[in-house]
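Basis for what follows: all heavy atoms, side chains included, without hydrogens, waters or symmetry-related copies. Throughout, a chain's letter reflects where its sequence line sits, starting with A, and its residues are numbered from 1.
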There are 4 protein chains.
Amino acid sequence: MSPKRVDKSARRQEILEAAVRVFARRGFAAGRIEDVAAEAGIAKGSVYLYFDSREEILQAAFEALAAGSREIVGRARTPGTPPLDRLAALIRDVIASVTVSPEPARLLLDLYGSGAREEGLPLHMAEIYREYRTVIAALLAEAAAEGSARPGVGAAEAAVIVGAIEGCLLQWIIDPALPITELTGPIVTVCLGGVR
Amino acid sequence: MSPKRVDKSARRQEILEAAVRVFARRGFAAGRIEDVAAEAGIAKGSVYLYFDSREEILQAAFEALAAGSREIVGRARTPGTPPLDRLAALIRDVIASVTVSPEPARLLLDLYGSGAREEGLPLHMAEIYREYRTVIAALLAEAAAEGSARPGVGAAEAAVIVGAIEGCLLQWIIDPALPITELTGPIVTVCLGGVR
Amino acid sequence: MSPKRVDKSARRQEILEAAVRVFARRGFAAGRIEDVAAEAGIAKGSVYLYFDSREEILQAAFEALAAGSREIVGRARTPGTPPLDRLAALIRDVIASVTVSPEPARLLLDLYGSGAREEGLPLHMAEIYREYRTVIAALLAEAAAEGSARPGVGAAEAAVIVGAIEGCLLQWIIDPALPITELTGPIVTVCLGGVR
Amino acid sequence: MSPKRVDKSARRQEILEAAVRVFARRGFAAGRIEDVAAEAGIAKGSVYLYFDSREEILQAAFEALAAGSREIVGRARTPGTPPLDRLAALIRDVIASVTVSPEPARLLLDLYGSGAREEGLPLHMAEIYREYRTVIAALLAEAAAEGSARPGVGAAEAAVIVGAIEGCLLQWIIDPALPITELTGPIVTVCLGGVR
DNA sequence: CATGAATGAGGTTTCATTCAT
DNA sequence: CATGAATGAAACCTCATTCAT
């Protein structure tokens, strides 16, 4: 199966991770293919054996990011615990996943900027946020039905909660001095308190 | 002595606004000086009569942006009304100011990305957010002292509130279909509810 | 005759002198019309009221230079003193004239460089040097006829003498620490000694 | 490890030689990188694989030039023959080396002009001339001690001799019709006669 | 498969020249 | 006459992409 040592898809993954690190470090616009190759420990030209273009690397990086989000959303959809517990878990999950590996989120910030705008990337980001809002709105509705949240909470409050999460991460990405890990509790408290 | 015809500073302002529009539309990295000139209705070379470099345009754009923020923060510092009323006003102010003219905020998203990263721009952004947090933390402390917020609320909750504001704007900028104006009320409700 | 205060030709002269200073200071290639205007105390556009183009300024500057040379050559042609005395005087004159106002000579060095090469400027320089050689060759021939120089000296020795003069000036222009004034005597001594 | 095909340093040398030809032909200020690339038979961008900037090409060209001068000076320092013989040889060497390949000398004329002035290049030229003067002054002193030159000849006469050499070359460069090869003898004769 | 030299389109910046005031 | 804002051609340099080895 593996003709040499690394198969095509594993090497592709390595390059992708190198690219995410480079783009996160220097910005998407400033991150050159040569940097990515160096970070991956291969030659510049070899990158093109695995990706057709610089743009495709970005697309793939975004896909990886979206996959992580979908997993978190999926967990929040899985019933079994009270809705507000699942909301709290989702908040913790998102913060934790970004905190553990901030590069993709840093890259995300670039996506709207750089030239990606016209290529449809922001649409993907919009979709991710929309999914977050949808699942949170469902949890809030469930909670309202149970009486653990005030009646009427829904889409708008979901947007605010997504905002609180992403806005805190934004602040942290821009200013790493902000103690993001100590913020998880307050986000949960404020958001949950705000919908009761 | 005789201002010939055009006021140098007025023309500079025109170019700056054109630049903000271009950068907001295409991203800072992709916005070319030629685009800025075209948007301002002048020739490429004329831009350099008013700005020394592309970078200086970005600096100036950021300065203008920061000035708007400082004004809003200043208003929140002015006593005379109950602290939570001032917090609510600040939230409404920020949302309104971005809603009225979203280009600067769109540009803001680019600042961390593009090449701006190393040039110190994000430090400025970090400062703006820090100011927001500081003034909100002060309002919360005042409210706690009055009994209109629960004891102990402070820096962490301030970060969450800034996050909610900026995170909602982020969602809107990325997905203009989001009804941002209808979100102002819920942001206030959730944030104020969350600190009581 | 003078409608305002300065007549056209006087102003032209002022600009020319400013141009020579600027070009000598910054090099011909790097000396901008704006610098010339500033040095002359007028506005950039006004330069074009007196000269059709940057190139024309250079031509005029060269003309002024050539006029100085022709005057010196003319003096050497005037009989009345022994030929070697006139040669010595010519050497002293050239050194003195450049020493007193080195800018034109500095500019001269640029002429071959810069873009002037194809525009025929060096031909003019070649002519100046040819005139020097011609007059010196005549003086040497006269001296040889008199017996104050060895028989046979002529064109070749004239070229060497012109070389010694110009080569010393070249060294001084490039390295102003060289005591050019103390070199006049030795140039005369070596050159005259070399043709006896 | 395997040098692929082209030797990087050989290619660098090729480009350097092309650059010297172009700069000598059109002047340093007017010689464009594109011209250099065309002369070397490669594309514009490829030049930058071997040189960081246009300025670096100039530096390297000058280095090569200085190396040639140093070799000639070194030979004059090597004892074994009478000092005035070595002086005559040095004169012949310099004339021959420039005659064989005049481009570097043509380029040299540009160095003081163009933008090189502020970048320290003329200092290097000043140094080369200083070295020539130093070695010639030493030869003259030696000759004076031997009695083959008159007592007292030294630095000043050395400057005159360097001037004669360089001044003759200057005339030739500006006016190639001048029979430079026939001038070597007279330079030697005049200079040596002038110090006896 | 892997390489890295080569390419050239495209971006920023400069500055001689023009022209409306 | 004088001005200086405006112009745009042209230069330098970068870097995504290709391709011969």
Visitor: Could you state the CD1-P distance from D/I42 to E/dT7, rounded to the nearest angstrom?
Guide: 6 Å

Visitor: To the closest 0.5 Å, what do you measure between NZ (B/K44) and CD (B/E34)?
Guide: 5.0 Å

Visitor: For the helix from E/dA2-F/dT21 to E/dT21-F/dA2, measure the angle between the helix axis at one end and the axis at the other, each built from five pairs, rounding to 10°.
Guide: 10°

Visitor: Any idea which heavy atoms bring B/V20 and B/P104 closest together, and the distance?
Guide: CG1-N, 4.0 Å

Visitor: Under 3.5 Å, is there a donor-acceptor pair linking the side chains of D/Q59 and D/E63?
Guide: no

Visitor: Starting from P on E/dC1, measure out to CZ on A/R12 and report it in whole angstrom.
Guide: 14 Å

Visitor: Kindly say if D/R11 contacts the phosphate of E/dA6, meaning a side-chain N or O under 4.0 Å from OP1 or OP2.
Guide: yes

Visitor: Take the protein atom CD of C/E56 and the nucleotide atom P of E/dA16, then report the distance between them rounded to whole Å.
Guide: 15 Å

Visitor: Rounded to whole angstrom, note down the P distance from F/dT21 over to E/dC1.
Guide: 22 Å

Visitor: Whole angstrom is fine here: how far is it from NZ in A/K8 over to P in E/dC1?
Guide: 6 Å

Visitor: Quick one: does B/R12's side chain have a donor or acceptor within less than 3.5 Å of a partner on B/Y50's backbone?
Guide: yes

Visitor: How far does CD1 of B/I33 sit from OG of B/S46, to the nearest 0.5 angstrom?
Guide: 11.5 Å

Visitor: Could you state the CD1-P distance from D/I15 to F/dC13, rounded to the nearest angstrom?
Guide: 14 Å

Visitor: Tell me whether the OP1 or OP2 atom of F/dA6 has a side-chain N or O from B/Y50 closer than 4.0 Å.
Guide: yes

Visitor: Atom CG of B/L49 to atom C1' of E/dA16: distance rounded to whole Å?
Guide: 13 Å

Visitor: Are the charged groups of C/E39 and C/R25 less than 4.0 angstrom apart, N to O?
Guide: yes

Visitor: Step by step, work out the side-chain contact (heavy atoms from CB on, under 4.5 Å) result for A/R11 and A/K8.
Guide: CA-CA 5 Å; A/R11 183 58 72 97; A/K8 222 172 148 81; 6.0 Å; no

Visitor: At under 4.0 Å between heavy atoms, how does the protein contact nucleotides 8-14 of chain E? Give one character per nucleotide, 5' to 3', with B, S or -.
Guide: BBBSSBB

Visitor: Just the rounded figure in Å: distance from C1' of E/dT21 to CG of B/D7.
Guide: 16 Å

Visitor: Output yes when a side-chain donor or acceptor of C/R26 lies under 3.5 Å from a complementary backbone atom of C/R21, and no otherwise.
Guide: no

Visitor: Roughly how far apart are D/I57 CD1 and D/R54 CZ, rounded to 0.5 Å?
Guide: 8.0 Å

